[in-house]
Amino acid sequence: LKPSLALAISRFSLSGLSASACLRAAVMAAADEQILGELMQRIQLHALVRRVRCREFFNDADPLRCGRCSEIFFHRALDMAGVKLTEEEANLLIEHYTDHSPKIIPPATVSYSRFCSDVDVVFSSEELQEDMHAMMMTQSPGSTAMATFVPKSLEDEDEFMHVLHRTAALCKARGVLLKAVYNDVDRTLNPSPAMTNPRRGGKVSEVAFRRAWPFKKEFKPQEIDLLCERFKTKGGDIHYMSLHNEVAEVLPDPAQPFPTSPLYLRPDDTRWSHQELHAVDKIKSKVAEKRIRLKEFFQDFDPLRKGYCTPGQCKTVFTILNLSKEIDKNDFEQLLATYMGEDGLFDYQALVNDVESAFTVPGLEKSPLAMVDFPDASTTSPARRNTMRLTPTKQSKIGRVEDKIRTFVRKRRAEMKPMFQDFDRANRGYVSRSQFARIMSSMNLDLDEKAIGLLCNNYCDLGNHNDFNWKRFLRCVDPPPEDVEVAMLEMTSPHIPFKPKPYFDARGKVLKKSLSMPMLA
């Protein structure tokens, strides 16, 4: 015996019935349980493909939210949810979910909350969803709007598969789309009593199916009857959408091969300066460049001012300060290995002290005579430049190419700066490698691709092989004269008026007359 039938027999045997009556009652109860299981499976499939939440349809009948409603409203709510049941099926559901507790007051006796919980299990169980997908008509993105028709099983399955493969072969050879053929049958928007199926419902009548069948000469009437028997619904219609999907599964992939150009990055063995630079030095130079105060941002995550935070909070601070793009994963791991203690906390105070050493000296207040140098271009250079590491042989070759260009510029008195400015409209100080080659070609400089590659190895200082620093290149091959350089420095520097020497020196002592008034000496 099945477990459900054995359980039912044992339950009815305790009621004092005879053996035959007990068996009949147990068989009827087991049949009802099987029907109830199939019924719940249908409702779950209906809710899954249409994303229906059944509880919303019962809220109007339960203002106190006790989880129960009357039998009439239970049936009405199922109709509003789109679940079409017969009277017997609805009564079986109502009988199963009726609460027979003594404290229940009629007519609100049906526990709809338990029913909704059983239906909503399908949304949280992946196993149930996989079982439901086998019952769906298709797994395409539009499957949620399609019906839950299941084709019938036939005795002669081999003959049907032969007919299906012939249909698929003819559709592929002649370019026929079965769905489009039968869409023409129910395309009209005019209401008519003869149209018993909803528009775009995927079903047509058997007469319309036979009349619109595109391969009448190739198939015998018995083979068309086999298709009609396979895809006939309970109402006698033919579900052509299910036939279309099965034909599409038999057909090969319709996507034609097309030429592609995938990106394959060639291996780059170039050694860059940032690869040898410590993460603290990167942060130090970037903080000095942007004039950032790290301590205040870390203190937002440390209300007790203990000098520690979590690694995640440290990463958040770097993101807020826009420093995360300068620090990759390896650099961050290097920071954690340097400043993280055994308790898993990040010592940001030590990091702040190391970073601020770029523009200050710890304990400066104790040395009032100490002189502190302001950060200059060399301090921020590690953050702004990422140059290649060149061998002495390559540097000597680059020097020979530079000497050739320098001699050409000096003899011809050629102006190179305007040509670079034409390509650098934003005045970034950089042009692309191809633009640099065009400039050299337009100046009639005989530089081959190898020479241009050598120059790019020296002047591409942003961590790539494309951005060429033309300002640094011009300072090397076309430097201005000394008097011009002095004049440019005086023009850009602030005006310093004449100031006589003071009466006292830096220590407060009176200067000698010859030192304080040199003109009277």
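With rounding to the nearest 0.5 Å, the separation of CE in Met340 from OG1 in Thr310 is 10.5 Å. Interatomic distance, Cys314 SG to Leu345 CG, rounded to the nearest 0.5 Å: 12.0 Å. With values rounded to the nearest 0.5 angstrom, Arg389 atom CZ is found 11.5 Å from Trp272 atom CH2. Between atom OG of residue Ser242 and atom NZ of residue Lys203 there is a gap of 12.0 Å, rounded to the nearest 0.5 Å. For the atom pair NE2 of His244 and CD of Glu249, the computed distance is 10.0 Å after rounding to the nearest 0.5 Å. Interatomic distance, CD of Gln34 versus CG of Leu39, reported as 12.5 Å (0.5 Å rounding).
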May I have the step-by-step check of side chain to side chain donor-acceptor pair (under 3.5 Å) for Tyr308 and Asp343, ending in yes or no?
CA-CA 11 Å; Tyr308 294 92; Asp343 54 354; over 6 Å; no
Assess whether salt bridge (charged side-chain N to carboxylate O under 4.0 Å, His left out) is satisfied between Glu206 and Arg210, documenting all intermediate values.
CA-CA 6 Å; Glu206 186 174 353; Arg210 293 177 180 273; 3.2 Å; yes
Yes or no on salt bridge (charged side-chain N to carboxylate O under 4.0 Å, His left out) for Asp331 and Lys282, after CA distance, side-chain angles and deciding distance?
CA-CA 9 Å; Asp331 293 336; Lys282 293 182 183 178; 2.7 Å; yes
Working note: Glu89 + Lys84, criterion salt bridge (charged side-chain N to carboxylate O under 4.0 Å, His left out); need CA distance, chi angles, decisive distance, verdict.
CA-CA 10 Å; Glu89 292 173 343; Lys84 304 301 181 182; over 6 Å; no
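Counting heavy atoms from C-beta on, the side chains of Thr387 and Ser273 come closer than 4.5 Å. At a threshold of 4.5 Å between non-hydrogen side-chain atoms, the residues Glu71 and Asn91 do not count as touching. By the 4.5 Å heavy-atom criterion applied to side chains, Leu92 and Glu88 are not counted as neighbours. Considering only heavy atoms from C-beta on, Leu447 stays 4.5 Å or farther from Lys450 through its side chain. Side-chain contact check for Val52 versus Val83: every heavy-atom pair is 4.5 Å or farther apart. In this structure, Thr316 and Ile320 have side chains that are in contact, with non-hydrogen atoms separated by less than 4.5 Å. Between Lys286 and Ile292, every side-chain heavy-atom pair lies at or beyond the 4.5 Å cut-off. Residues Tyr182 and Ile238 form no side-chain contact, since every pair of their non-hydrogen atoms from C-beta on lies 4.5 Å or further apart.
In this structure a side-chain-to-backbone donor-acceptor pair under 3.5 Å is present from Lys216 to Arg211. Counting only distance, with no hydrogens or angles, the side chain of Asn322 and the backbone of Lys325 share no donor-acceptor pair below 3.5 Å. In this structure a side-chain-to-backbone donor-acceptor pair under 3.5 Å is missing from Asp62 to Cys69. Side chain of Arg428 to main chain of Asn469: no donor-acceptor pair is present (N/O by atom type, distance under 3.5 Å, no hydrogens or angles). Using a distance-only test at 3.5 Å, with no hydrogens or angles considered, no donor-acceptor pair links the side chain of Ser441 to the main chain of Ala437. Panel note: side chain His274, backbone Glu326; no donor-acceptor pair is recorded below 3.5 Å. At distances below 3.5 Å, at least one donor-acceptor pair connects side-chain atoms of Asp424 with backbone N or O atoms of Gly429. Counting only distance, with no hydrogens or angles, the side chain of Gln435 and the backbone of Tyr430 share no donor-acceptor pair below 3.5 Å.
In plain terms, the two heavy atoms of Tyr112 and Asn59 that are nearest each other are OH-OD1, 4.5 Å. Scanning both residues, Arg230 and Ser153, for their nearest heavy atoms gives NH1-CA, 3.9 Å. Contact between Val204 and Ala208 at its shortest, heavy atoms only, is CB-CB, 4.3 Å. When all heavy atoms of Phe332 and Pro311 are compared, the closest pair comes out as CZ-O, 3.5 Å. For the residue pair Arg433 and His465, the shortest heavy atom distance occurs at CD-O, 3.9 Å. Between Val247 and Ala168 the shortest heavy-atom distance is CG1-CA, 3.8 Å.
Residue pairs satisfying the ring-ring contact (aromatic ring centres under 6.0 Å, His included) criterion with at least one member in residues 80-105, sequence neighbours excluded, are listed as follows: Tyr97-Phe115.
Ring geometry for Phe58 against Phe74 counts as tilted: the plane angle lies between 30° and 60°, on a 0 to 90° scale. Between Phe215 and Trp213, the two ring planes are perpendicular [angle over 60°; tilted spans 30° to 60°]. Ring planes of Phe420 and Phe468: parallel class, angle under 30° (limits at 30 and 60°).
Heavy atoms of other residues, nucleotides or ligands lying less than 6.0 angstrom from CZ of Phe301 number more than 12. Within a 6.0 Å sphere centred on CZ of Phe160, heavy atoms belonging to other residues, nucleotides or ligands number more than 12. Within a 6.0 Å sphere centred on CZ of Arg293, heavy atoms belonging to other residues, nucleotides or ligands number 12 at most. Other residues, nucleotides and ligands contribute over 12 non-hydrogen atoms within 6.0 Å of the CZ atom of Arg114. More than 12 heavy atoms of other residues, nucleotides or ligands shown are found within 6.0 angstrom of CD on Glu276. Enclosure of atom NZ in Lys306 is not indicated, since only 12 or fewer non-hydrogen atoms of other residues, nucleotides or ligands lie within 6.0 angstrom. Other residues, nucleotides and ligands contribute only 12 or fewer heavy atoms inside 6.0 Å of the CD atom of Glu126. Crowding of Ile72 atom CD1: a count of heavy atoms from other residues, nucleotides or ligands under 6.0 Å not exceeding 12.
In summary, the aromatic rings of Trp470 and Phe423 are positioned with their centroids too far apart to meet the 6.0 Å limit.
Side-chain atoms of Tyr240 and Asn183 include a donor-acceptor pair closer than 3.5 Å. For the 3.5 Å distance criterion, the side chains of Asp237 and Ser205 fail to qualify, holding no donor opposite an acceptor.
Taking 4.0 Å as the cut-off between side-chain N and carboxylate O, Asp225 and Lys232 do not count as a salt-bridged pair. One finds no salt bridge joining Glu56 and Arg53 here, because no Lys/Arg side-chain nitrogen approaches an Asp/Glu carboxylate oxygen to under 4.0 Å.
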